[in-house]
J.: 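Just dropping this structure here.
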Amino acid sequence: MSKKVRVRFAPSPTGGLHLGGVRTALFNYLFARQNEGDFILRVEDTDQTRFVEGAEEYIIDCLNWCGITPDEGPHAGGGFGPYRQSERKALYRQYAEQLVKQGNAYYAFDTPEELEQKRAEITNFQYGHAHRSSLRNSLFLPVKEVQELLDKGTPHVIRIKMPVDETIGFTDMVRGRVNFETSQVDDKVLLKADGMPTYHLAVVVDDYLMQITHAFRGEEWLPSAPVHLLLWEYLGWKNEMPQWAHLPLILKPDGHGKLSKRDGDRLGFPVYAMNWTDPKSGDLTKGFRELGFLPEAFVNLLALLGWNNGTDQEIFTLDELVEQFSMERISKAGAQFDFEKAKWFNHEWIRQSTAISLTPNVISVLRQHDISAENHPQLTKIIDLVKDRCTLLTDFYEHASYFFQKPAESKIDWTSIQPKWNDAKTDFFIAFIQKTQETASWEAASIEAAFKALTQEKGIKIGEVMLPLRVMLVGGKFGPAVFDIAEVLGKEETVERIELALAILGR
RNA sequence: GGCCCGUUCGUCUAGGGGUUAGGACGUUAGAUUUUCAUUCUAGAAACAGGGGUUCGAUUCCCCUACGGGCUACCA
């Protein structure tokens, strides 16, 4: 009987939630659901200097928006709390001290300034076997002096003592066997002078205490894996160590390198899941959500960044992803982010969504432009008419607003009809208005029939008046079938718009 | 610099000892839509290089090149 699967997403609350972070969270979620396990949110706020107000709530909101809400976490509770590392501070010291007692770690009294000095003096300086003896630590200072320093409360850190010459390796779920030479790894700080653990200690202690079975993180963590491996061993928990998976990085669309918030600003696309306002500077960074992405599309595109199911299928619901996700099919190489493809995913999702499910989003987009759409009797019909041509939810403003308000005179594309305008056309439209008054029915097919009959009657080519009608009703050369538009607009509104246009063209 | 990871069309990727190397985004050209978008059809577009192993390598192995990550009392 194997243990219950438990995975964690462990972000640091230092700002907006990056696309890559959401993907890591997503893979955690998929794996947990697939294996009927638990998905835990752990807030890694051990660096007090980088703490940003509101970031934690923001992260939780992002996960909720994506539909990948954690089962346990600071917001949800659970039997393994607290879930903020800052609230677990008291817990870590004993493990660090245990390591010191065992001889696997030591006290170091060097100040940050002294170390900076060393780094300047010695090229490729590492706090490790090569330089330990010339530094101020409990490995080389006389026992008495160490005790005195400790008694005086001298600020110090606890560092791991890396073995001089060992090969340490593990089997990564995506990369297979990975080995490291301990001689190349420095003596990482485990406990900082302020009593807080570093990531290295905290991740091991908490993964152990929270009974994490599988640990997914970005590839940038691979080089510090040997430290974590050793810690699991030294703490005596080797058999409980989770299986590691180092996920491929998400790279810049141009050139290479990790995708960063800056790239989004520079290239004009979002990197954060939702809008993020920096509480200090007040700077707003746009998110996928506010730009008009459906959470389903966002999750879908993220899942395909580094994973596929081996077929040509590209559109997946969250449920399908849960069912089909597999660690074996995660690619090893980093993936450049392509915003064009991201938009394609959203377009597909909008097209495949029902008008009913899109309704709240469309109402909200229109409301941002002071258009109240919620009471429109034909709202779902309007959505069905235009959704195929909306790539982003925000496009519903451009493609649907004319159903709710007359196009502004200044916005109407007069240049496409005015040059070829003549009295015959004026006559035609006047006659058309009259004709509309004679019949009670008002459906696309009958309007079209009447319109066409009139062109014959008047001896005017249909193409000559179709485009003008469209521009009168819509304001430009776009939109669905013009008689469908007229039907939704209603007879009265259609006539008003034609009359209005006629008046302007007649000036 | 050192260590680690990686390398199939511009991008995301499938494939895997013998294939016309497949799909998608983007792109090009046509068709349709009496508008625009969609849609449809067609096209251009890739196995980093060199050595092995093999009857045969894009596929397996090695080297090189290139790219990336890490190298903090940050995560």
Side-chain angles (χ1 to χ4, degrees), chain A residues 10-14 44-47 49-50 85 108 110-112 115-116 119 123-127 155-159 172 174-176 178-181 183-186 188-200 202-203 217-226 246 248-249 251-258 301 304-315 329 331-345 347-348 351 386-391 395 399 413 416 452 461-471 474 476-482 485:
Chain A
S12 184
T14 54
E44 309 228 333
D45 55 351
T46 53
D47 186 355
T49 62
R50 293 214 306 162
Q85 289 182 332
D110 321 85
T111 65
L115 293 176
E116 216 170 290
R119 273 186 267 270
T123 41
N124 299 328
F125 171 81
Q126 278 196 319
Y127 206 123
H156 62 277
V157 301
I158 294 178
R159 311 186 86 111
D172 188 275
V174 344
R175 274 149 230 285
V178 183
N179 292 314
F180 302 86
E181 298 302 323
S183 62
Q184 303 294 331
V185 184
D186 59 343
K188 293 280 184 228
V189 171
L190 301 179
L191 200 73
K192 300 187 257 189
D194 64 2
M196 278 286 195
T198 59
Y199 172 82
H200 306 296
V203 73
R217 56 179 16 169
E219 192 191 340
E220 71 266 34
W221 288 108
L222 207 41
S224 58
H246 290 87
L249 264 14
L251 310 169
K252 301 172 195 292
D254 59 344
H256 290 283
K258 269 200 292 186
L301 75 92
L304 273 280
L305 232 37
W307 176 86
N308 71 83
N309 77 344
T311 73
D312 289 344
Q313 183 179 356
E314 294 201 272
I315 302 298
R329 295 205 62 88
S331 37
K332 295 180 177 69
Q336 281 185 233
F337 179 68
D338 180 0
F339 190 50
E340 290 306 317
K341 182 102 186 205
K343 284 192 290 191
W344 175 81
F345 275 107
H347 194 183
E348 287 298 306
R351 295 180 48 196
V386 303
K387 70 186 169 91
D388 274 11
R389 55 198 73 213
C390 294
T391 298
D395 293 339
H399 288 290
D413 180 15
S416 64
K452 284 184 173 170
K461 273 193 224 144
I462 201 165
E464 302 266 319
V465 283
M466 281 284 271
L467 186 66
L469 177 62
R470 168 177 298 282
V471 173
V474 173
K477 293 190 285 185
F478 62 92
V482 69
I485 296 170

J.: For A/Pro223, what residues pass the side chain to side chain contact (heavy atoms under 4.5 Å, CB included) criterion, not counting sequence neighbours?
T.: none
J.: Measure CG/A/Asp254 against P/B/G26 and give the value in whole Å, please.
T.: 19 Å
J.: What integer number of Å spans the C1' atoms of B/G50 and B/G22?
T.: 29 Å
J.: When you compare B/A48 with B/A37, how far apart are their P atoms, in angstrom units rounded to a whole number?
T.: 38 Å
J.: Under the 6.0 Å and 45° cation-pi test, does A/Arg389 pair with A/Phe478?
T.: no
J.: Mind checking the P distance from B/U20 to B/U11? Whole angstroms is fine.
T.: 26 Å
J.: Is atom NZ of A/Lys252 surrounded by more than 12 heavy atoms (other residues, nucleotides or ligands) closer than 6.0 Å?
T.: yes
J.: For A/Gly310 and for A/Asn179, find the nucleotide of RNA chain B with the closest heavy atom, then tell me which residue's nucleotide is more 5'.
T.: A/Asn179
J.: For A/His200 and A/Val189, which heavy atoms make the closest approach, and how far apart are they?
T.: CD2-O, 4.1 Å
J.: With both distances kept under 3.5 Å, what pairs with B/A65, Watson-Crick or G-U wobble?
T.: B/U7
J.: If the P atom of B/A42 is compared with that of B/C60, how far apart are they to the nearest Å?
T.: 33 Å
J.: Decide salt bridge (charged side-chain N to carboxylate O under 4.0 Å, His left out) for A/Glu116 and A/Arg119; before the verdict, give the C-alpha distance in whole Å, the side-chain angles of both, and the deciding distance to 0.1 Å.
T.: CA-CA 5 Å; A/Glu116 216 170 290; A/Arg119 273 186 267 270; over 6 Å; no
J.: Could you give the CZ-to-P distance, from A/Arg217 to B/C5, as a whole number of Å?
T.: 15 Å
J.: Quickly work out the A/Glu181 CD to B/C3 P distance and round it to whole Å.
T.: 10 Å
J.: Is there a donor-acceptor contact under 3.5 Å from the side chain of A/Asp172 to the main chain of A/His246?
T.: yes
J.: Kindly give the heavy-atom pair with the smallest separation between A/Asp45 and A/Pro13, and that separation in Å.
T.: CB-CG, 3.7 Å
J.: Would you give a per-nucleotide map of nucleotides 67-75 of chain B, 5' to 3', where B means the base has a protein non-hydrogen atom under 4.0 Å away, S means only the sugar-phosphate does, and - means neither?
T.: SSBSSSBBB
J.: Determine which nucleotide pairs with B/A44, using a 3.5 Å limit on both distances of a Watson-Crick or G-U wobble pair.
T.: none
J.: What is the ring orientation for A/Phe339 with A/Phe337, classed by angle as parallel under 30°, tilted 30 to 60°, or perpendicular over 60°?
T.: tilted
J.: Using a 4.0 Å heavy-atom cut-off, does A/Val178 contact any base of the nucleic acid, only the sugar-phosphate backbone, or nothing at all?
T.: sugar-phosphate
J.: Can you tabulate the close N/O pairs, meaning under 3.5 Å, that link protein atoms to atoms of nucleotides 36-40 of chain B?
T.:
residue, atom, partner, partner atom, Å
B/C36, O4', A/Lys477, O, 2.9
B/C36, O2, A/Arg389, NH1, 2.3
B/C36, O2, A/Gly479, N, 3.3
B/C36, N3, A/Arg389, NH1, 2.4
B/C36, N3, A/Arg389, NH2, 3.4
B/C36, N3, A/Gly479, O, 3.3
B/A37, N1, A/Arg389, NH2, 3.4
B/A37, N3, A/Arg389, NH2, 3.4
B/U38, O3', A/Arg351, NH1, 3.2
B/U39, OP1, A/Arg351, NH1, 3.0

J.: Contact class for A/Gly476 (heavy atom, under 4.0 Å): base, sugar-phosphate, or nothing?
T.: nothing
J.: For B/U58, what is the paired nucleotide under Watson-Crick or G-U wobble rules, both distances under 3.5 Å?
T.: none
J.: What is the minimum heavy-atom distance between A/Ile485 and A/Arg470, and which atoms define it?
T.: CD1-NH1, 4.1 Å
J.: Does a side-chain N or O from A/Asn308 land closer than 4.0 Å to OP1 or OP2 of B/A14, or not?
T.: yes
J.: Dump the pairs, protein N or O against N or O of nucleotides 60-65 of chain B, anything under 3.5 Å, distances to one decimal.
T.:
none

J.: Using a heavy-atom cut-off of under 4.0 Å over every strand shown, decide if A/Arg329 touches base, sugar-phosphate, or nothing.
T.: sugar-phosphate
J.: C1' atom, B/C4 versus B/U41: distance in rounded Å?
T.: 48 Å
J.: Where each residue is assigned the nucleotide of RNA chain B containing its nearest heavy atom, which of A/Leu305 and A/Lys341 is assigned the position nearer the 5′ end?
T.: A/Leu305
J.: Quick one: side chain to side chain contact (heavy atoms under 4.5 Å, CB included) partners of A/Thr123, sequence neighbours excluded?
T.: none
J.: Sequence neighbours left out, what passes side chain to side chain contact (heavy atoms under 4.5 Å, CB included) with A/Asp47? Give chain and number order.
T.: A/Thr49, A/Arg50, A/Lys192
J.: Whom does B/U32 pair with, Watson-Crick or G-U wobble, provided both distances fall under 3.5 Å?
T.: none
J.: Can you tell me how far P in B/G6 sits from the matching atom in B/C62, rounded to whole Å?
T.: 12 Å
J.: Can you tell me which residue among A/Thr391, A/Asp395, A/Asp388 is in a side-chain contact (heavy atoms from CB on, under 4.5 Å) with A/His347?
T.: A/Thr391
J.: Any side-chain to backbone donor/acceptor pair from A/Asp186 onto A/Lys188? Under 3.5 Å, distance only.
T.: no
J.: Could you state the NZ-P distance from A/Lys332 to B/U13, rounded to the nearest angstrom?
T.: 13 Å
J.: In whole angstrom, what separates A/Gln336's CD from B/C25's C1'?
T.: 13 Å
J.: Rounded to whole angstrom units, what separation is found between the CG atom of A/Asp312 and the C1' atom of B/G23?
T.: 4 Å
J.: Give one of base, sugar-phosphate or nothing for A/Ser331, where a contact means two heavy atoms less than 4.0 Å apart.
T.: sugar-phosphate
J.: Kindly point out which of B/G10, B/C4, B/G1 is positioned nearest to the side chain of A/Asn124?
T.: B/G1
